[in-house]
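Reading through the structure tokens given below for one structure.
Below, chains carry the letters A, B, ... as their sequence lines are ordered, and counting in each starts from 1.
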2 protein chains.
Amino acid sequence: MPTTRRRPRSAQQRYQEAVATYVAAGGDESVQRVITAVNSLARKLDQWYARQLVDLDLTQGEWAVIAELATADGTPVTPSRLADAGNVAASSMTHRLDKMTERGLVRRSPDPDNRTRVLVELTDDGWGVFEAAVREANVVESDVLAGLGKKQRAELADLLEVVIADLDALET
Amino acid sequence: MPTTRRRPRSAQQRYQEAVATYVAAGGDESVQRVITAVNSLARKLDQWYARQLVDLDLTQGEWAVIAELATADGTPVTPSRLADAGNVAASSMTHRLDKMTERGLVRRSPDPDNRTRVLVELTDDGWGVFEAAVREANVVESDVLAGLGKKQRAELADLLEVVIADLDALET
DNA sequence: AACGCAGATTTCGATATCGAAATATTAGCA
DNA sequence: TGCTAATATTTCGATATCGAAATCTGCGTT
């Protein structure tokens with residue numbers, strides 16, 4: 001144990017200092033409050049997801065693939081789309097899919113319309129893992145939002161959805 | 001060019017399908033709307049940050065270190081704290097700090113109070129990079145929030161801050 | 001004061017990721 | 001049709017990350 005055992009600053013305190021620092025460095029306050037909050041929250045969630053994924057013997061990258069495939073909603077998904085979605089190089093996705101195929105989580109098949117393409121799908125096992133993970137994650141996520149009432153959650157979601165709706169227009 | 005050039009689904013469409021899928025898999029709707037929105041937004045921001053960081057010749061991991069040090073606000077920062085903050089193993093942080101030290105972005109010094117510890121600080125060059133990055137990022141971030149008025153931004157930030165304030169209580 | 005335990009960092013071998021080049025197929029055009 | 005440019009995926013060598021073990025320091029007990 002170190003001589004001086006510093007208590008770690010609270011997430012709230014760290015958030016406030018971060019906003020102040022970003023503003024001091026030239027950011028707009030109204031922007032930084034929102035963006036910093038979103039990023040802080042997402043990173044904290046990632047930490048919790050990582051712990052839960054250990055139980056399922058999945059890496060965060062593998063989970064990203066499963067989630068992307070599960071939410072594709074019938075649309076065919078190619079390796080390159082998965083790479084984009086996961087912020088990862090296409091060559092990394094090749095290896096990742098190799099391992100996930102070996103484990104029986106996903107299946108590769110040639111695109112009937114275009115032989116340069118490969119389509120990736122979840123297997124039944126893959127779907128099973130997805131549903132187990134969602135139910136487990138929902139527990140933590142509910143706790144995270146426990147401080148907000150039903151009305152506040154809806155308000156928050158509405159505002160975030162406005163931002164998301166604008167997102168595509170920014171893709172230059 | 002493939003035979004069928006599918007237009008990629010909009011971010012909004014993908015978000016809505018994701019929420020529907022998570023709910024179908026057993027998640028609460030009021031939870032999934034918020035959490036999915038936060039995660040979608042954060043990942044989209046990460047993509048844009050990655051592009052901007054190329055200009056500064058920084059990886060996302062290196063940026064995470066710089067941001068953590070910049071927002072530490074005078075508090076001493078150890079390698080293990082940086083590893084935690086960046087969701088990365090302590091041994092990876094050792095290597096990352098080696099390279100950043102070589103480049104003159106950060107400085108390691110022994111903790112005067114405890115010789116098992118190492119304290120990490122930004123150099124003047126490191127601060128310069130931080131400020132340049134914040135100003136550049138603020139441009140994109142402002143665009144992302146362009147659809148919200150001043151009042152709505154404040155409302156959104158207020159709600160997110162409630163969630164953040166509750167975060168520490170969940171650290172078991 | 002000496003001992004053993006706990007914490008922080010680094011070292012080391014295995015694995016994952018990256019970027020560039022290679023391969024294969026398709027689209028567009030003369 | 002034949003040719004060239006573009007796209008999707010994989011291969012390959014270099015680098016980054018991981019987890020376990022090693023090293024070192026400081027704390028607490030006897």
Given atom CG of B:Asp84 and atom P of D:dC18, what is their separation to the nearest angstrom?
12 Å
Option passing side chain to side chain contact (heavy atoms under 4.5 Å, CB included) with A:Ser109 (candidates A:Leu119, A:Val118, A:Val120):
A:Leu119
Classify B:Thr78 by what it touches in the nucleic acid, base, sugar-phosphate, or nothing, heavy-atom distance under 4.0 Å.
sugar-phosphate
Tell me which of A:Arg115 and A:Ala90 sits closer to the 5' end of DNA chain C, going by the nucleotide each one is nearest to.
A:Ala90
From CG of B:Leu97 across to C1' of C:dA8 the rounded distance in Å is 13 Å
Please find the pair of heavy atoms, one from A:Ile66 and one from A:Met100, that lie closest to each other, and give the distance.
CG1-CE, 3.6 Å
Are any of B:Ser80's side-chain N or O atoms less than 4.0 Å away from OP1 or OP2 of C:dT9?
yes
Rounded to whole angstrom units, what separation is found between the CG atom of A:Leu119 and the P atom of D:dT7?
19 Å
When rounded to whole Å, the CZ to P distance for the pair B:Arg81 and C:dG7 reads 16 Å
To the nearest angstrom, the CD-C1' distance between A:Gln60 and C:dT15 comes to 16 Å
Phosphate contact (C:dA16 OP1 or OP2) by A:Lys99 side-chain N/O below 4.0 Å
yes
Just N and O in the side chain of A:Ser92: are any of them under 4.0 Å from OP1 or OP2 of C:dC18?
yes
Output the rounded distance in Å from CG (B:Asp113) to C1' (D:dC27).
15 Å
Nearest to the B:His95 side chain among D:dA16, D:dT10, C:dT9, which nucleotide is it?
D:dA16
Shared hydrophobic cluster for B:Tyr22 and A:Val139 (ILVMFWY, side-chain gaps under 4.5 Å)
no
Membership question, hydrophobic clusters at under 4.5 Å side-chain separation (ILVMFWY): are A:Leu159 and A:Leu167 in the same one?
yes
Would you say B:Arg96 places a side-chain N or O within less than 4.0 Å of OP1 or OP2 belonging to C:dT10?
no
Whichever of A:Ser91 and A:Glu62 has the more 5' nearest nucleotide on DNA chain C, that residue is A:Glu62
Look at A:Glu68 together with B:Arg14 and state whether they make a salt bridge at an N to O cut-off of under 4.0 Å.
yes
D:dA8 P sits how many Å from A:Arg108 CZ, rounded?
16 Å
Taking CG from A:Asp111 and C1' from C:dT25, how many angstroms apart are they, rounded to a whole number?
12 Å
Check: B:Thr116 side chain, C:dG7 base, donor-acceptor under 3.5 Å
no
